[in-house]
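Since this is a predicted model, take the numbers as computed values, not measurements. Remember, it's 1-based here, ligands and their atoms both numbered in the order they're listed.
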Amino acid sequence: MENIFDYNLDEIKELLTPSFRAKQIWHWLYAKYENDFNMMINIPKDMRIKLNTKFNAKNLEIKDIQVSSDGTKKYLFETFDNQTFESVLIKMRDKQNDDKGNIISSEKYTICVSSQIGCKIGCRFCRTAEDGFKRNLSAGEIVEQVVAIKKDNNILPQKRVNIVYMGMGEPLDNFDNLIKAIKIISHIDGLSISTRRQTISTSGISPMINALGELNIGVGLAISLHAVNNETRNKLMPINKTYNIESIIESVRNFPIDARKRVMFEYLMIKNINDDLKNAKDLLKLINGINVKINIILFNPYENSKFQRPDIETAKKFVDFLISKGQLATIRESKGIDIDAACGQLKYKKEKLKHKNSFT
Ligand code: SF4
């Protein structure tokens, strides 16, 4: 059986006559979040039977949901081949009412999507890396995360959400499936989430940043920089030995970015590794002339992790220094810290639990 979410609209049109049925099916999938072809009542019965024999409209199963006190929800999905991975729904802003109780602005959501099961990049601070790489997610498996999370939270189809490809895996290491998924997610007849609302976060595979830039599809770019010199970055992210800081900065300088937008530089701050003011000064030199926003993330230690969380005062000094020099910078709130919403951590906990249970 094939995953219907792997197909773009033109590919479904090629399979069905008359082809307008393809749009109706997409409407069921992406606007009504319907996973059962039998319920698509405006589709003729013989076509529904045909669809049932060829396709699955439910390929991911939600195995677990953890809800944080700040509203962040972490999903553990299981695939057809019994692999598990995670996605996170982050509530960026609550609904806001005026004095009379009228809604003045609605909730704002970001969905953090995975692109691979496991990861080949091997960052030293990452729980996912410790389990190695299993496989790429298909385009459909990437798309279905968004559909399943919107459905589970009754998020109306017309409600715009932001997507960040920042979950498990390196998105640019699964380039073709990622690009296909982005195009399906942004299609006007589907989820219709503009590419401007989609951001790809990469560990810095510079040739693939160049390839993405050449496509010029309007997505945002976030770079997991985490260190300002190759010596430290080699230690934190071995991929830096292949694509060093200079090559990443060069790719970012050439990346076509909307004049209103900035490239995001993620900086995972780790105690005594990259948290002093010398690093802040070198960071400014590195990004000189690029329209950048710096997001400082305080390392969130997991069981047996080798690194420590920096003090908040140290992080504030770092960020204040950047701001004093005119650089846009923030300390990113660790949304969902009480549910370990850093990639790989929920999956790890579940597996440990499974392991424990097998001995009882
Ligand atoms: S931090 Fe991201 S790129 Fe690095 S190993 Fe983990 S999942 Fe892969």
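Residue Ala129 approaches ligand 1 through these ligand atoms, each under 4.0 Å from one of its heavy atoms: 5 (S). Under a 4.0 Å criterion applied to the non-hydrogen atoms of Gly122, ligand 1 contributes the atoms 5 (S).
Inclusion of Cys119 in the first shell of atom 8 (Fe) of ligand 1 is supported: an N, O or S atom falls under 2.8 Å. Backbone or side-chain N, O or S atoms of Cys123 reach atom 4 (Fe) of ligand 1 at under 2.8 Å.
Using a 4.0 Å cut-off between a side-chain N of Lys or Arg and a carboxylate O of Asp or Glu, Asp320 and Lys317 do not qualify as a salt bridge.
Asn240 pairs in a side chain to side chain donor-acceptor pair (under 3.5 Å) with only one of the listed residues (His226, Glu231, Arg233, Lys235), which is Arg233. Checked options Asn234, Asn229, Asn230; the residue passing with Thr232 is Asn229 (criterion: side chain to side chain donor-acceptor pair (under 3.5 Å)). Residue Asn35 forms a side chain to side chain donor-acceptor pair (under 3.5 Å) with just one option from Lys151, Lys58, Glu144, and that option is Lys151.
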